[in-house]
Amino acid sequence: MNNAIGDLDTQPLTLLDELMLMLLNEQNGYFHQIPGWELNCAVTGAAIAELSFQSRIDTDMEALLIVDPTETGIPALDLILKDIVNEPVQHNAQYWIERLVVYAEPIIDLTLDHLVDLGILEHHDGEFWTLASGKLPEGMYGASQEIDSNQFIKHRIREAIFADAIPDPRDVIIICLIQTCDVFRFIFELDDKTEERIKFICKMDLIARSLADAVEQNIANPMMGRSHLTKQIPKISLPRLLRNRNFRKGNVPAVLGDLAKEYGPVFMARLPFSKPMIFLAGPEANRWVHRHGRMHFRSRDYFADFEKVYGASGVLPSLDGADHFRLRRTLSPAYSRKRLETQLDQVYQQARTYMADWKVGDSYPATPFCRRMMNTQISPLFISVDSQDLFEDLSTYKERALNTQIAKTLPKFMLKTPGMKRKASAVDMLLERVQSVYTSAQRVDCPRNLADDLLSLHGSDPQLMPESNLRFHLSAALIASVYLGDCFSFALYAMASQPEFQEKIQGEADALFANGDPKGSDFTPAKIDITHRFLMECLRMYPIVPLALRTVMNTCVVSGYELQAGTTINIAQTASHYMDEVFTNPYEFDIDRYLPPRNEHRGPGYAPYGLGTHMCLGSKWMMLQLAANVIIVAHYFTLKVSPSNYVLGFSPLPSMKPNKKLKFRIAEQRHELPA
């Protein structure tokens, strides 16, 4: 944790900070389940109350008055103070909550960032937050002794509602806002006496009463929470879709980007012999999904048939809510960049062994060439066994399962053919190999890996990681070689087809290997600047998973379009990669778009790893492994595209990869491989 927590005497927490900490539910890494409108009203009320405590405004039951227009220096407060100062007519608190509620989301973001900077919260990929450990000074905010930072707000509020002491005015406001949102029953166990005590506290302070009433009146207005004047979702005709140039190339994100530009963030398409498909696409939709998706969408429906193929139920991609968060936190170390940094020597060793067979002048089919190179590394890193002889059967069976159970582009009986049954046996063979090496004696002094984490979790929490799910998780670890391999194939294509980039990457590679094999700490933005931005652009132009399927579990309105509960939707998070409102000249390979002042990747438009709670858990691992492999290939070889007149085409199902025509030719060996 950083040192900021020691500076709290000079940086007191605001009501916004304290409200966020009270509402945080550590079981699922987000807020207690308050509908978005209610949460936004409460946050706006807390901001107005803090402005009152900062002596910028005064408020009562009738009016809200400016006392001091000077900025507070707190971005979340100054965001709304400016609007209040510039309003020539006086209004009451209800008016201002209704008007300022549009700022609630940026206020929440700024408040969470502030708490992270203070070292009180930790932010995790997927937009999860947890409380950090650490001590607050004795006496701070009413603490009678040193207490953990993850207890001090709840400690104060607990003392206020379960004891007879008169609470601090700040605590009265927090209690009023939480009571208005009906969340206390999720935080504490309440009896009748305590509930009466809470009601009594809410009447103690005039400001608290006026704000609570204003919040409650806004919450009670259904027209503000959801528009009843929703628009009809645009429908796209099949001929219109077939005429799209990117559709014929198989470039799914570009197709969806074109449609979003023409039809807006929500649209419907229907292919022959299929049900209508609703798509959410573009930066506006991405922003909504990233913020609100966890409240309205679930993933288990589309994934259930696929996980059953492996005899599993409730694996990470199909879980939502608290169980998803618990499993994600438990497995996150196994997929972290930090763990890979300690094992890069294995990456180099396996890469060199694989490249030893490359001969100048030979050409290799891109997809199997790159997938197998990744599997030579992933298999020993994740499960400590060699699976190269099983990899083709494992990946073929997995892709057939995806096409029959999720994409539904093939009938289900195609997974039960004699050939597929033989390939399915590779999963059992893989498990036998893992079991044969994972004994206590054999794992002594071995670096910890994913299989260790899975087996350990099974032993300690067999409900969260049942034995029936190990078959899926252990084989799925190798399927990462498919996705990583396809990313790698696009990166090698981009490098081999653009000699100017290949030369620059080779320069960075030679510098890194000049004094031996680089360590994980050597892969800094300064040392691999070109390579890093090059890979970011590859992920933008060639995202492996361009969309995600979800089921609407709670009816919601997105950009004025109502999505009914039970509807299946396609979240096209990468459509914005090909929209010129987000990326200048999106069809141009331009690595300078990631430099300031452009920074075109900042914001919801850049989403190669997905959105919200189901963002790719191993994104940082993947970036390091991609960089290490691109660097080592560039150091030893020069590649060219084969055939020389090849034009990139896509094979989009079940995930994006170059079509089968693409090959890589070994044009030059630049350095000798170690014996």
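Along the sequence shown, the residues carry numbers beginning at 1.
A donor-acceptor pair is defined here as one N or O able to donate and one able to accept, closer than 3.5 Å; no such pair exists between the side chain of T404 and the backbone of P411. In this structure, the side chain of N25 does not engage the main chain of Y30 through any donor-acceptor pair within 3.5 Å. Between the side chain of N659 and the backbone N or O of K661, at least one donor-acceptor pair lies under 3.5 Å. Listed for the D386 side chain is a donor-acceptor partner under 3.5 Å among the backbone atoms of Q388. Between the side chain of N403 and the backbone N or O of E399 there is at least one donor-acceptor pair closer than 3.5 Å. When atom types are taken as modelled, the side chain of R400 and the backbone of Y397 share no donor-acceptor pair closer than 3.5 angstrom. In this structure a side-chain-to-backbone donor-acceptor pair under 3.5 Å is missing from S655 to V545. E284 places no side-chain N or O within donor-acceptor distance of the main-chain N or O of P265, the cut-off being under 3.5 Å. Between the side chain of N585 and the main chain of E588, no donor-acceptor pair closer than 3.5 Å is present. Judged purely by atom type and a 3.5 angstrom limit, H614 has no side-chain atom pairing as donor or acceptor with the backbone of A548.
By the 4.5 Å heavy-atom criterion applied to side chains, L402 and F306 are counted as neighbours. I571 places none of its side-chain heavy atoms less than 4.5 Å from the side chain of L547. Side-chain contact between L626 and F490 is absent, with no heavy atoms from C-beta onward closer than 4.5 Å. Looking at N570 and L280, their side chains never come closer than 4.5 Å, going by heavy atoms from C-beta outward. Under the 4.5 Å side-chain criterion, counting only non-hydrogen atoms from C-beta, M656 is in contact with P546. The closest side-chain heavy-atom distance from L648 to P658 is below 4.5 Å. Looking at heavy atoms from C-beta onward, Q564 lies out of side-chain contact with V552 at the 4.5 angstrom threshold. Residues L241 and L259 form a side-chain contact, since some pair of their non-hydrogen atoms from C-beta on lies under 4.5 Å apart.
In this structure, NZ on K657 lies 9.0 Å from CD1 on I544, to the nearest 0.5 angstrom. If you take CG on L256 and NZ on K261, they are separated by 11.5 Å, rounding to the nearest 0.5 Å. Taken to the nearest 0.5 Å, the OH atom of Y263 stands 14.5 Å off from the CD1 atom of I233. Once rounded to the nearest 0.5 Å, the distance linking CZ of F297 with OG1 of T613 reads 11.0 Å. How far CG of L381 is from CE of M374: 10.5 Å, rounded to the nearest 0.5 Å. Between the CZ atom of R270 and the CG atom of L238 there is a distance of 11.0 Å, given to the nearest 0.5 Å.
Looking at Q625 and Q377, their side chains do bring a donor and an acceptor atom within 3.5 Å of each other. Using modelled atom types, one finds no donor on one side chain facing an acceptor on the other under 3.5 Å when comparing T330 with D453. Between S384 and Y438, the side chains place a donor N or O and an acceptor N or O closer than 3.5 Å (distance only, hydrogens not considered). In summary, the side chains of H292 and E105 do present a donor paired with an acceptor at a separation below 3.5 Å, with no hydrogens or angles considered. Using modelled atom types and a 3.5 Å distance limit, the side chains of D258 and N246 yield a donor-acceptor pair. Side-chain contact of N449 with Q343: a donor-acceptor pair under 3.5 Å is absent, judged by distance alone.
Counting all heavy atoms, side chain and backbone alike, R328 lies closest to L316 at N-CD1, 3.9 Å. A494 and F589 get closest at one heavy-atom pair: CB-CE1, 3.9 Å. Among all heavy-atom pairs drawn from C370 and L492, the shortest one is SG-CD1, 3.8 Å. Here the closest non-hydrogen pair linking S576 and F583 is O-CD1, 3.4 Å. P466 approaches Q463 most closely through the heavy-atom pair CD-O, 3.5 Å. The minimum heavy-atom distance linking L24 with H32 is given by the pair O-NE2, 4.0 Å.
The aromatic rings of Y493 and Y646 sit perpendicular, their planes meeting at an angle over 60°, well past the 30° parallel limit. Between H601 and Y606, the angle of the ring planes goes over 60°, which puts this pair in the perpendicular group of the 30/60° scheme.
Checked for salt-bridge contact, K620 and D125 meet the test: a charged N lies under 4.0 Å from a carboxylate O. Electrostatic pairing of E537 and R533 does not count as a salt bridge here, judged by no charged N lying under 4.0 Å from a carboxylate O. Look at E127 and R287 and you find no salt bridge, because none of the NZ, NE, NH1 or NH2 atoms lies under 4.0 Å from a carboxylate O. A salt bridge does not link R540 with E600: none of the charged nitrogens is closer than 4.0 Å to a carboxylate oxygen. A salt bridge does not link R294 to D320: none of the charged side-chain nitrogens sits closer than 4.0 Å to a carboxylate oxygen. The pair D305-K412 meets the salt-bridge criterion, with a side-chain N (NZ, NE, NH1 or NH2) lying under 4.0 Å from an Asp/Glu carboxylate O.
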Audit row: S318, E307, side chain to side chain donor-acceptor pair (under 3.5 Å) steps and yes/no
CA-CA 8 Å; S318 67; E307 64 181 357; 3.0 Å; yes

D590 and R593: CA distance, side-chain angles, deciding distance, side chain to side chain contact (heavy atoms under 4.5 Å, CB included) verdict:
CA-CA 6 Å; D590 179 7; R593 65 175 80 250; 3.5 Å; yes

If you apply the rule side chain to side chain contact (heavy atoms under 4.5 Å, CB included), what do you find for M623 with L539, and how did you get there?
CA-CA 10 Å; M623 278 300 287; L539 291 169; 3.5 Å; yes

Does H124 form a side chain to side chain contact (heavy atoms under 4.5 Å, CB included) with E122? I'd like the steps, not just the answer.
CA-CA 7 Å; H124 307 267; E122 292 181 2; 4.0 Å; yes

So H296 and V289, side chain to side chain contact (heavy atoms under 4.5 Å, CB included) or not? Walk me through it.
CA-CA 9 Å; H296 300 280; V289 170; over 6 Å; no

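Within the structure, the ring pair (Phe, Tyr, Trp, His ring centres under 6.0 Å) test picks out the following pairs touching residues 462-488 (sequence neighbours left out): Y310-F472.
A cation-pi contact, defined as under 6.0 Å to the ring centre and within 45° of the axis, links R245 to Y587. Judged by the 6.0 Å and 45° rule, R372 forms no cation-pi pair with Y354.
Between F279 and F267, the ring center distance clears the sub-6.0 Å criterion. Ring centroid separation for the pair F128 and F325 comes in under the 6.0 Å cut-off. Between Y594 and F534, the gap from one ring centroid to the other reaches at least 6.0 Å.
Applying the side chain to side chain donor-acceptor pair (under 3.5 Å) test to H577 and every residue at least two apart in sequence or in another chain returns nothing.
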Using a 3.5 Å cut-off and no angle test, enumerate the donor-acceptor pairs between side-chain atoms of residues 414-424 and protein atoms at least two apart in sequence or in another chain.
| from | atom 1 | to | atom 2 | distance (Å) |
| --- | --- | --- | --- | --- |
| T417 | OG1 | M420 | N | 3.3 |
| K423 | NZ | D393 | OD1 | 3.2 |

